[in-house]
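Here's the structure, in structure tokens; my notes come after.
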Amino acid sequence: MIKIHPNTVFINGAISPAWIANAIQSHHTQKHTGGHSIFLGQVRMDIIDNKPVEAIEYTTYTEMAIDALQLMCTELEKKYALDAIQVNHSLGIVNAGEICLFVFTSAKHRRAAVDACTELVERIKAELPVWGREIFSDQTHSWKENKN
Amino acid sequence: MIKIHPNTVFINGAISPAWIANAIQSHHTQKHTGGHSIFLGQVRMDIIDNKPVEAIEYTTYTEMAIDALQLMCTELEKKYALDAIQVNHSLGIVNAGEICLFVFTSAKHRRAAVDACTELVERIKAELPVWGREIFSDQTHSWKENKN
Amino acid sequence: MKISILAFGKIAEIAGKSQWEEIPVQDTDSLRKKLENDFPALQNMSYRIAINKQIIHCNQPIQSSCEIALLPPFSGG
Amino acid sequence: MKISILAFGKIAEIAGKSQWEEIPVQDTDSLRKKLENDFPALQNMSYRIAINKQIIHCNQPIQSSCEIALLPPFSGG
């Protein structure tokens with residue numbers, strides 16, 4: 001069963017393509033796996049009140065986030081008979097155009113991997129206690145809110 | 001509009017995590033993109049008539065495959081307002097546990113990226129003229145067939 | 001005995017602090033009333049309360065040993 | 001004038017070749033009959049025919065300048 005630990009989930013700053021390659025490398029050799037599904041969330045340069053978002057600063061309630069993620073992963077691992085799950089989320093500053101979320105699922109059949117990944121992303125948006133402070137170029141900010 | 005070229009689609013042998021990292025790197029800096037969806041197809045060690053699949057050898061009808069992929073990508077790019085699409089498929093020998101398919105989509109909103117990726121994978125399985133010869137450890141083989 | 005409060009995101013900004021102690025109150029409705037009196041900006045925003053990392057969905061009694069967290073809408077991912 | 005045939009996957013294996021020329025036939029039904037006579041294993045498998053890279057869904061006339069491809073079930077991905 002997958003075990004979620006604080007220092008394997010949260011990453012300081014943006015998630016790099018090299019990090020993603022390492023994660024894929026570490027999971028992709030199980031010979032009974034047929035498909036991997038990956039979602040990458042990226043900080044988007046939204047325009048809010050005519051001001052472009054330059055970066056988002058993320059904070060979390062670590063202990064609660066780990067509990068929430070452990071619950072999600074345990075439920076989805078069982079529901080979809082997953083071979084692997086990995087979640088990484090950035091904390092601190094992530095600039096527009098950089099990656100802040102990495103979700104990875106593997107399963108014997110592609111539909112299980114794809115459906116599990118999609119469901120996990122939706123649950124992370126709704127249930128993970130993480131807050132994003134959108135920072136504009138004039139150093140003002142607003143607090144992001146996920147909508148369903 | 002995305003242009004599909006034979007030598008940017010087909011790869012000789014397995015697709016490496018480093019290749020995938022490069023692909024992500026080359027697409028991930030568009031500041032209006034909010035999400036990327038990736039599917040990785042992996043050669044699975046299926047057991048057929050008590051014999052494990054050691055590798056699959058892929059061949060294609062190149063000109064027809066390029067036409068088919070160009071059509072799929074043009075349709076999906078428009079349907080989902082995608083910021084990026086990339087498809088790579090292996091030709092030749094890919095061992096069990098190695099990656100043979102890389103599908104990547106980017107969009108402003110995550111659901112468009114995810115839905116486009118899922119639809120593209122289904123269409124590749126159904127419409128791309130590629131054939132896989134499953135090779136067993138005793139050097140016998142069987143021809144794989146995708147089911148819907 | 002006081003109760004310990006953790007505040008996150010916009011609420012930490014409004015309160016000007018992310019951690020403090022409150023004098024004991026009977027339940028979460030009383031705590032909301034006290035907080036919205038101290039920090040009127042809370043009246044205009046939606047937020048949830050977690051007791052010992054569990055989000056509560058209706059008024060709950062508060063023991064002094066509880067860890068209370070004030071959670072603005074999530075925005076991860 | 002002969003017509004050029006491309007065979008892929010299991011059909012290339014059955015035919016023992018992936019490219020050859022056939023004497024002209026009128027249409028794709030006649031071609032199927034000729035091929036299944038030459039290579040009886042084709043009778044027991046499903047395959048599609050493409051003319052100039054377009055899969056056909058019913059009997060079609062064959063011009064001698066056509067590129068005919070014999071396509072076993074796809075198995076990419």
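To find a chain, count down the sequence lines: A is the first, B the second, and so on, and within it residues start at 1.
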Can you find a heavy atom in the side chain of Trp143(A) that is under 4.5 Å from one in the side chain of Glu13(C)? yes
Can you confirm whether more than 12 heavy atoms, excluding those of Lys17(C), are under 6.0 Å from its NZ atom? yes
Only heavy atoms, only distances under 4.5 angstrom. Which residues in residues 41-65 of chain A are near chain C? Tyr58(A), Thr60(A), Tyr61(A), Glu63(A), Met64(A)
Out of curiosity, Glu145(A) CD to Met45(C) CE, how far, rounded to the nearest 0.5 Å? 7.0 Å
Gap between atom OG of Ser75(C) and atom CZ of Arg133(A) - 0.5 Å precision: 11.5 Å
Whatever's closer than 4.5 Å to a heavy atom in chain A on Ala50(C) counts as side chain
Proximal component of Gln54(C), with respect to chain A [non-hydrogen, under 4.5 Å]: neither
Check the surroundings of atom CD in Gln26(C): do more than 12 heavy atoms from other residues, nucleotides or ligands lie under 6.0 Å from it? no
Between Asn146(A) and Gly76(C) (side chain of the first, backbone of the second, donor and acceptor by atom type, cut-off under 3.5 Å), is there such a pair? yes
Euclidean distance, Glu127(A) CD relative to Phe74(C) CZ, rounded to 0.5 Å: 8.5 Å
Tell me whether Lys31(A) at atom NZ has more than 12 heavy atoms from other residues, nucleotides or ligands lying less than 6.0 Å away. no
Within residues 80-87 of chain A, which positions have a heavy-atom distance to chain C below 4.5 Å? none
Should the pair Trp131(A) and Phe8(C) be assigned to parallel (<30°), tilted (30 to 60°) or perpendicular (>60°) ring geometry? parallel
